[in-house]
Amino acid sequence: MPSTEMSDKSLVNALEQELLQLERKLSPENKDLVNQWDALVEKYKNEDYIFKVRDKEIKIKTHSESLSHTQVPKIAMPKFKAWGDRLRWQLQENVPGEFPYTAGIYPFKREGEDPARMFAGEGGPERTNRRFHYVSLGMPAKRLSTAFDSVTLYGNDPHIRPDIYGKIGNSGVSICCLDDAKKLYSGFNLADPKTSVSMTINGPAPMLLGYFMNAAIDQQCELYIKKNGLENEVKQKIAEIFKAKGQSVPAYQGELPESNDGLGLMLLGVTGDQVLPADVYAEIKTFTLAQVRGTVQADILKEDQAQNTCIFSTEFALRLMGDVQEYFIAKKVRNFYSVSISGYHIAEAGANPISQLAFTLANGFTYVEYYLSRGMDINEFGPNLSFFFSNGIDPEYAVIGRVARKIWAKAMRDKYGANDRSQMLKYHIQTSGRSLHAQEIDFNDIRTTLQALYAIYDNCNSLHTNAYDEAITTPTEESVRRAMAIQLIINRELGLSKNENPIQGSFIIEELTDLVEEAVLQEFDRITERGGVLGAMETMYQRGKIQEESLYYETLKHTGEFPIIGVNTFLSSKGSPTVLPKEVIRATEEEKQYQIAMLQNLQDRNGDKTAKELRHLQEVAIQNGNLFEALMDTCKVCSLGQITSALFEVGGQYRRNM
């Protein structure tokens, strides 16, 4: 055999041995990733991609066709040849729906449902209900987001007291009892998979959640009554109840909006268990709790750090959060998020995007540790956690979702041993209210559009776009329509949005992802050095940092070093003066007076039941029972203020650490 042939054979053998050595160094998981690469790429080339969500098979078209008949891939795959490049990409990026979920938590976006979730709240429940029907008109999915007035946010009832009266129904909706919740969400089937409700409420979150859940249950009772031809019988029962109390049956004030079919209004003033057999009601309650979709904010840590609507002591507020989550586990509430761990308010208070993300994730891990300390299984509560971020104009906002998903997934898997579903960080994002300016307010829509583009390209799960006039007043129907159009145009008209991983593979996006991740981990170290989140709160570390960053931004804005078009540069010939609103939308006297009168009627007719329910609630608190389970009954007859006052006596009021 010629020597050259021998040397070639030796070389081949040597290379094969080297290959075997390299393969042995690969972990089984990494070896699988390398071996499955070609099959993965092929899945996205096929016409249909098939995957499962909760045992349900879903088939998605992998391409869309442009007007030029170009087949645009929904997921674009890298063209790496080297194993190292392929493996590094899969470990740090990967396709949407695969660990570490950098590009998104689901393989594809939900079809037939835009991520829009518009925030609304003003006046009484009827006025906000009309706005909800307006913003969701013609939308296949009804995604509602509720703003509450400051009276509700602080757990108070509407009252003639001067410090309360002027705030009733202003900058949010007035909700103080179960009937208010029924009217607020009337005409939306709260157990429909295409209906989802978000509630921005923190201190009194368990009470508002109790009202919401009971409203949803009574809606299903109403549907049962209609289905079984019991309407006349039930209406007669209700009439007798109110006749005995010497009151008229409560009613929705004003005309129903066109899309409101009245669902939820039949049982105003009563609950389903008063008019249906106990076994029927129990069955309906079980079904409803398993179906409702939505989120309650309930993030008490960020309230102390940034927004300030704390009402109970921090320890008692955490206990209430834990009781809600334990109830969700016991009752199999799988589609509703028990907390929305929020960075938005941290950013609005002045934090930069890195501090916003670091503080928010740190708060999230604190809740995880607290729930684990109460004996809850991470895979039972992990899927009930959600997040809420602000999206400004800074470069870091382009990757805020990517970094959040990546850090959360790795920690949940590697530190806590959580399953795939618990590793997935789901988040709502809202364009920055702080970036809206009262000068040249028309320019605000441009800022909002760019921020929405950041969010959609980063695969957010839901999005609220601010109205341009929010800098000076409560949004009008015209400005809300424009804000809604921003996301609809991006989602439905912008060609590149037909692709669902448009920023993957960009050098600057990858660089920013690494820089922001590193900065967040460094901030974790600083928080840890101060005794963790709660320890840092004792010295007001988070508040101090937020204030410093806010001052830095404001200084640069006022010196002009940070350019803001139409505010400190590129001024109009008139100097871009502050725009004054033509009309400031406020609750009317009629709305305020009605809320007070309605509340008085509620307390008069439920007087005997109220005292009993409140005593029972306090006993449950003292005996360390589940407070939310008790609240589900208390909320049927008691007002928000009554419940808050009763819990103050057993849980303590919030006092800021000085």
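Owing to the predicted nature of the structure, the values given are computational and were not obtained by experimental measurement. Quick note: residue numbers are just sequence positions, from 1.
Side-chain contact, Gln297 with Lys302: a donor N or O sits under 3.5 Å from an acceptor N or O. A donor and an acceptor atom, one from each side chain of Asn335 and Gln291, are nowhere located under 3.5 Å apart. Checking Glu478 against Tyr468 by side-chain atom types alone, a donor-acceptor pair falls below 3.5 Å. Between the side chains of Gln220 and Asn189, at least one donor-acceptor pair of N or O atoms lies under 3.5 Å.
Each of Glu518, Glu510, Glu517 was checked for a salt bridge (charged side-chain N to carboxylate O under 4.0 Å, His left out) with Lys406, and the lone residue meeting it is Glu517. For the pairing with Phe365, the ring-ring contact (aromatic ring centres under 6.0 Å, His included) check across Trp408, Phe387, Tyr370 returns one residue only, Trp408. Exactly one residue among Thr449, Thr465, Thr448 makes a side-chain hydrogen bond (donor to acceptor under 3.5 Å, both in side chains) with Gln487. That residue is Thr465. Each of Leu496, Ile509, Leu453 was scored for a side chain to side chain contact (heavy atoms under 4.5 Å, CB included) with Pro502, with one residue passing: Leu496.
For Arg481, there are no salt bridge (Lys or Arg N to Asp or Glu O under 4.0 Å) partners, not counting sequence neighbours. Among residues two or more places apart in sequence or in another chain, the side-chain contact (heavy atoms from CB on, under 4.5 Å) test is passed with Asp38 by Arg86. Residues forming a side-chain hydrogen bond (donor to acceptor under 3.5 Å, both in side chains) with Asp299 (at least two apart in sequence, or on another chain): Tyr367.
When the shell of 6.0 Å around CD of Glu42 is examined, it contains more than 12 heavy atoms from other residues, nucleotides or ligands. By the 6.0 Å contact criterion, CD on Glu369 is enclosed, its count of non-hydrogen atoms from other residues, nucleotides or ligands being greater than 12.
Between His133 atom NE2 and Leu144 atom CG the span is 8.0 Å, to the nearest 0.5 Å. With rounding to the nearest 0.5 Å, the separation of CD1 in Ile75 from OH in Tyr44 is 5.5 Å. How far CD of Glu477 is from CZ of Arg482: 15.0 Å, rounded to the nearest 0.5 Å. Taken to the nearest 0.5 Å, the CG atom of Asn391 stands 9.0 Å off from the CD1 atom of Ile393. Going from atom CD1 of Ile217 over to atom CG of Leu190 covers 10.5 Å, rounded to the nearest 0.5 Å. Here CG of Asn384 is found 8.5 Å from OH of Tyr337. Values are rounded to the nearest 0.5 Å.
Ring centroid separation for the pair Tyr101 and Tyr106 does not come in under the 6.0 Å cut-off. Aromatic ring centres of Tyr371 and Phe381: separated by under 6.0 Å. Taking the centre of each ring, Phe388 and His345 come in below the 6.0 Å mark. Here Phe212 and Tyr185 bring their ring centres to under 6.0 angstrom of each other.
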Should Thr146 and Val197 be marked as a side-chain contact (heavy atoms from CB on, under 4.5 Å) after you check the CA-CA gap, both sets of side-chain angles, and the distance that decides it?
CA-CA 8 Å; Thr146 317; Val197 174; 4.1 Å; yes
ring-ring contact (aromatic ring centres under 6.0 Å, His included) between Tyr344 and Phe389: does it pass, once the steps are laid out?
CA-CA 5 Å; Tyr344 190 86; Phe389 297 115; over 10 Å; no
Test side-chain contact (heavy atoms from CB on, under 4.5 Å) applied to Phe328 and Arg334, step by step
CA-CA 7 Å; Phe328 275 24; Arg334 298 182 65 199; over 6 Å; no
Using side chain to side chain donor-acceptor pair (under 3.5 Å), reason through Glu549 and Ser355 one step at a time and then give a plain yes or no.
CA-CA 9 Å; Glu549 290 168 0; Ser355 293; 2.7 Å; yes
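The minimum heavy-atom distance linking Met139 with Lys142 is given by the pair O-NZ, 2.8 Å. The two atoms that bring Val296 and Ala205 nearest to each other are CG2-CB, 3.9 Å, heavy atoms only. Across Asn491 and Ser497, no two heavy atoms sit closer than the pair O-OG, 3.5 Å. Closest of all the heavy-atom pairs between Pro107 and Tyr49 is CB-CE2, 4.0 Å. Closest approach of Val480 to Pro475, counting heavy atoms only: CG2-CB, 3.6 Å. The shortest heavy-atom contact between Phe524 and Ala358 is CE2-O, 3.3 Å.
Although no hydrogens or angles enter the test, the distance criterion places a donor-acceptor pair under 3.5 Å between the side chain of Ser342 and the main chain of Ser340. Although no hydrogens or angles enter the test, the distance criterion places no donor-acceptor pair under 3.5 Å between the side chain of Ser422 and the main chain of Ala418. When atom types are taken as modelled, the side chain of Gln356 and the backbone of Ser390 share a donor-acceptor pair closer than 3.5 angstrom. The main-chain N or O of Glu396 is never found under 3.5 Å from a side-chain atom of Asp394 such that the two would form a donor-acceptor pair. Side-chain N or O atoms of Arg421 include none that pairs as donor or acceptor with a backbone N or O of Pro383 at under 3.5 Å. Of the possible polar contacts, one joining the Lys498 side chain to the Arg492 backbone as a donor-acceptor pair under 3.5 Å is found. When atom types are taken as modelled, the side chain of Ser435 and the backbone of Ser432 share a donor-acceptor pair closer than 3.5 angstrom. A donor-acceptor pair is defined here as one N or O able to donate and one able to accept, closer than 3.5 Å; such a pair exists between the side chain of Asn466 and the backbone of Thr431. Proximity of a side-chain donor or acceptor of Asn501 to a complementary backbone N or O of Ala103 within less than 3.5 Å is not detected. For the pair Gln219 (side chain) and Phe188 (backbone), a donor-acceptor distance under 3.5 Å is present.
Taking the ring centre of Tyr553 as origin, the terminal cationic atom of Arg434 falls inside the region bounded by 6.0 Å and 45° from the ring axis. With a 6.0 Å cutoff to the six-membered ring centre and a 45° limit on the axis angle, Arg293 does not count as a cation-pi contact of Phe336.
Between Tyr427 and Cys460 the shortest side-chain heavy-atom distance falls below 4.5 Å. Counting heavy atoms from C-beta outward, Ile527 and Val533 have side chains that approach closer than 4.5 Å. The shortest side-chain heavy-atom distance between Val403 and Leu361 does not fall under the 4.5 Å cut-off. With a 4.5 Å cut-off on side-chain heavy atoms, Tyr397 and Gln451 do not count as touching. Counting heavy atoms from C-beta outward, Arg405 and Asn459 have side chains that approach closer than 4.5 Å. Between Gln92 and Thr102 there is no side-chain heavy-atom pair separated by less than 4.5 Å. Annotation: side chain of Lys74 is in contact with side chain of Lys61 (closest heavy-atom distance under 4.5 Å). For the pair Leu40/Gln90, a side-chain contact is recorded, criterion being any heavy-atom separation below 4.5 Å from C-beta on.
Looking at Arg88 and Glu93, no side-chain N of the basic residue comes within less than 4.0 Å of a carboxylate O on the acidic one, giving no salt bridge.
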